[in-house]
Amino acid sequence: MSQANNSLSLSNPHPANFNAKQKTGLAITGLGLLAFFMAWAGAANQQPLIFLIITLVCFFGGGILFTIGSYGHLPKGIKNNRTMFTSISSRGALAWISGVVITGFYILLYWRDFWKELFGADLFIGLVNLFNPLSLLLRNTKADQWFVYGTLYTVAVLVMGFKFIYKYRHNRYQQIRTTSVMFFQLGFAWLLPGIMKALYNYEPYLTYFWPLDYDAIFPTTLSYFQTQGAFGMFFIFWGLVMTFVATPLLTYFFGKRWYCSWVCGCGGLAETAGDPFRHLSDKSMKAWKIERWLIHSVLAAIIIITVLLLVDNGFKNNLLGGAAKDIAKGYSFVIGMVFSGVVGVGFYPIMGSRVWCRFGCPMAAYMGLIQRFKSRFRITTNGAQCISCGNCSTYCEMGIDVRAYAQKGQNIVRASCVGCGVCSAVCPRGVLKLENGPDNTKRTEFLFTSEDLKILS
Amino acid sequence: MHIVIIGNGITGITAARTIRKHSDHEITVVSGETDYFFSRTALMYIYMGHMQFKDTQPYEPWFWTKNRINLKRAWVKTIDTQNKQLLFSNDDRMPYDKLLIASGAKPNKFGWPGQDLIGVQGLYSYQDLEELEKNTANGINRAVIVGGGLIGMEMAEMLHSRHYPVTFLVRESSYWNNILPEQESQLITRHIREHGFDLRLNETLKEIKGDANGKVTSIITGSGEEIACQVVGLTAGVSPNIAFLKDTEIKTDKGVVINQHMHTNVEDIYAAGDCAQFQHALPDRRVIEQVWYTGKLQGEAAAFNMLGHDKMYEPGFWFNSAKFLDIEYQTYGTVLNTLREGETEFYWESDDHQKCVHVVYRESDHLFIGINVFGIRMRHEIFNRWLLEKQKVEHIISHLSAANFDPEFFKPFEQEIINAWNNQYPANTIQLKAKSAFTKLIFGN
């Protein structure tokens with residue numbers, strides 16, 4: 001990925017020594033991992049509660065202590081020192097190892113039954129047992145691998161969200177935004193579905209809608225809800241309103257950030273656990289071209305598939321036979337599992353935290369079109385203060401070359417921008433500001449002549 | 001026509017882009033420093049690990065081929081103005097029809113004993129960064145920075161990021177108070193000390209000592225103290241990099257002397273950016289301007305004149321910005337370190353001493369002259385407009401909300417600032433003109 005770089009090899013610094021708090025934090029996290037892996041291997045089958053408590057307490061406690069050790073003694077401000085030298089955040093050995101481990105975990109998770117058949121043993125039984133006490137408490141149901149996964153995911157968002165908030169404790173936009181994604185992950189993607197499961201034996205995810213929740217308006221889903229009385233009708237109504245009314249309206253007023261970096265669970269993980277990797281996104285023109293083709297193809301695919309299924313259903317499946325369902329299954333496998341699941345998170349340490357959001361998510365594509373062509377959201381450039389340093393582009397998780405606009409004094413209106421606000425935060429000259437306002441893209445013409453602003457490209 | 005540009009910094013590259021946009025002439029940009037244009041303001045971030053070198057390059061390599069801008073990697077030895085040729089250090093020659101000198105600057109060395117020892121350096125070029133990497137490759141116990149300007153602060157911050165103790169020798173009685181008014185200077189001085197720098201005020205460099213291998217081992221201060229160190233940063237300003245012009249007929253003083261059309265005394269030769277010196281200074285501006293945007297504007301002006309358009313260099317009202325560790329600084333209009341005759345001021349500082357606003361205005365009619373802002377971002381466009389409209393200070397203070405450029409949800413300080421004004425001038429109270437937070441959220445500014 002990264003080319004051999006003269007300056008980087010020159011810049012090889014002395015290893016950063018962890019301080020006592022960081023070391024203790026890491027040791028406690030390690031203890032939690034030990035309990036977790038022992039339980040996975042079966043050690044917790046008799047006493048899962050003890051192991052579960054140790055695991056969770058250590059994950060939270062270790063993470064919080066490490067965070068305080070990392071930033072607590074430093075004055076408030078941007079904390080990017082050594083990002084490009086640290087193994088985990090600069091595609092070093094640790095990054096490759098964790099990339100393989102996370103990707104492998106996802107492959108085991110998504111195809112649990114396949115591996116069960118292949119190996120003759122259920123690889124997840126230890127973990128499922130470990131999380132049983134929590135699942136019974138919350139959902140009044142035994143755990144399955146998805147509960148295990150959802151819980152780990154939520155823990156990651158909460159612990160790393162705390163780290164992010166603490167890292168940006170000088171920046172209220174970052175604090176409020178991160179609190180929001182943590183709230184929606186915990187409340188709407190974990191607690192609420194769990195409680196609903198206990199009460200009504202159904203797990204609704206109210207913050208996922210079509211086209212991200214790609215089968216939300218498939219005929220099978222609709223006919224299932226129709227059998228579920230008032231509840232079912234509410235979910236159909238909620239999904240349709242969110243997709244076709246709320247999303248365009250909110251995106252018009254606030255840009256797609258209202259969802260991508262404030263509500264969405266994929267975004268939530270990217271903004272928290274993915275933060276150490278945000279600068280790894282590819283900023284080249286080539287990557288932007290690939291992005292536009294890929295993400296809009298996915299959007300087109302799910303629209304066509306959904307329409308086909310609905311039309312086919314209208315003809316009582318006589319039109320296409322089983323073909324439409326096979327295509328839908330293909331989408332579910334390629335996009336739903338491999339792309340958004342495995343690649344989306346597994347490749348964080350190598351390709352950055354927003355691979356799925358940038359190249360694949362049809363919801364992002366849908367909102368991106370609105371944001372690009374009819375939205376009040378943009379990033380405003382502050383006159384001629386830009387010094388082209390490149391911090392904004394470097395730390396853009398969506399791979400937008402923010403600097404290319406800022407140095408021309410041009411507002412940034414890009415389909416992919418999720419409004420995380422980090423470009424504005426890392427700018428040393430106060431050049432960038434996320435704003436909602438009249439949807440014109442004005443340029444800084446008062447200082448530089450308009451001639452100069454029209455860049456060659 | 002073959003247009004040759006010496007220097008691939010912001011000035012030379014802006015000129016090349018402008019020329020390409022308006023003509024089909026052959027363009028060659030010569031640089032000995034790097035293959036591609038990079039932002040030298042970002043050198044510090046490479047050392048600190050915020051960015052890689054390639055991240056500091058605003059254009060990808062294909063940009064130059066696509067726009068037919070030839071790049072030549074070479075050092076220019078001299079210019080043969082008679083035959084209109086550049087002479088390179090390897091004795092190759094390159095003919096030109098029109099030439100732009102945008103060769104930048106180099107760190108000042110004031111003849112200190114020991115200033116050429118290994119480990120003593122400035123920070124301006126890519127080579128300086130490489131040298132700093134080399135000088136700190138095996139770790140150091142202390143660095144001494146000499147000169148309290150912006151580059152000194154950057155260098156101190158760079159070394160600090162790698163956990164090297166830094167002693168900072170500043171000739172002035174508080175940091176940068178040859179530029180900043182006392183209040184701001186004190187605010188930054190405190191901030192520097194909070195970050196753990198050994199800041200020595202009213203202190204100069206007398207001598208740099210080295211060992212038998214020619215490596216720096218310590219410095220002696222003006223007050224006679226010896227400080228052991230392995231790196232000495234010389235950051236007492238930069239001066240035009242024009243040594244290669246000394247045997248030519250191009251007129252130089254401190255820099256290459258030019259008129260407002262960026263033209264030198266020699267036909268078809270122009271100069272712009274850090275290396276250039278105007279014959280006459282514009283109001284409230286210096287004859288040598290060495291900041292990013294002036295390089296950009298001068299490069300653009302030079303390009304138009306080289307293409308035969310009659311374009312004066314007109315930079316407009318002074319503005320600038322910087323970041324001192326964690327505190328951002330912006331300035332619009334003219335705020336000198338001491339008030340000029342007929343000027344008066346209004347100063348506000350936040351309770352945590354991390355933010356301040358310093359407005360200078362004319363005593364007689366309250367005409368707004370300039371503002372320094374620390375820790376709060378302000379809109380360039382609005383201040384530029386207010387300066388053009390010759391607004392009064394009361395208008396500025398009461399409309400500060402409109403100029404606020406801080407990220408959303410940041411605590412606003414306008415009311416506090418207005419309260420401070422009203423306390424100071426009870427006979428001349430003003431009201432805040434602001435939109436509610438809710439209207440702002442929905443409808444923006």
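All of these numbers come straight from a predicted model, not from anything done at the bench. For the numbers below, each heavy atom of this structure counts, side chains included, while hydrogens, waters and symmetry mates do not. Throughout, protein chains are lettered first and strands after them, A, B, ... in sequence-line order, and every chain is numbered starting at 1.
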Name the region of [X], side chain, backbone, both or neither, that has any atom closer than 4.5 Å to a heavy atom of chain B.
| X | result |
| --- | --- |
| A/Ser388 | both |
| A/Leu74 | neither |
| A/Arg429 | both |
| A/Val431 | backbone |
| A/Asn171 | both |
| A/Ile176 | side chain |

- Task: Could you grab the distance from atom OH of B/Tyr59 to atom CG of A/Asp401, nearest 0.5 Å is fine?
- Result: 9.5 Å
- Query: Does some side-chain heavy atom of A/Asn436 sit less than 4.5 Å from a side-chain heavy atom of B/Glu408?
  - Reply: yes
- Look at B/Glu381 together with A/Lys433 and state whether they make a salt bridge at an N to O cut-off of under 4.0 Å. no
- Query: Given that the side chain runs from C-beta out, which part of B/Phe37 has a heavy atom under 4.5 Å from chain A: side chain, backbone, both or neither?
  - Reply: neither
- Item | Side chain / backbone / both / neither for B/Gln57 at chain A, heavy atoms under 4.5 Å | backbone
Using modelled atom types only, decide if a donor and an acceptor are shared between the side chain of [X] and the backbone of [Y] within a distance under 3.5 Å.
| X | Y | result |
| --- | --- | --- |
| B/Asp55 | A/Asn391 | no |
| B/Lys296 | A/Gln407 | yes |
| A/Arg172 | B/Pro407 | no |
| A/Thr394 | B/Met51 | no |

- Count the heavy-atom pairs under 4.5 Å between each of B/His50, B/Met44, B/Arg377, B/Met48 and chain A, then report the option with the highest count. B/His50
- Query: Who wins among B/Leu43, B/Asn320, B/Leu388, B/Ile10 for the most heavy-atom pairs under 4.5 Å with chain A?
  - Reply: B/Asn320
Which atoms form the tightest heavy-atom contact between [X] and [Y], and what is the distance?
| X | Y | result |
| --- | --- | --- |
| A/Gly77 | B/Asp326 | CA-OD1, 3.7 Å |
| B/Thr331 | A/Gln385 | O-NE2, 4.5 Å |
| B/Trp62 | A/Met285 | CZ2-CB, 3.6 Å |
| B/Ser161 | A/Arg82 | O-NE, 3.6 Å |
| A/Lys283 | B/Glu60 | O-OE2, 4.3 Å |
| B/Phe405 | A/Asn382 | CE2-CB, 3.4 Å |

- Would one find more than 12 heavy atoms of other residues, nucleotides or ligands at under 6.0 Å from atom NZ of A/Lys79? yes
- Which residues pass the side-chain contact (heavy atoms from CB on, under 4.5 Å) test with B/Lys323, sequence neighbours left out? A/Ile78, A/Pro428, B/Glu328
- Message: If we define contacts as heavy-atom pairs under 4.5 Å, which of A/Ser284, A/Gly421, A/Ser393 has the most with chain B?
- Response: A/Ser284
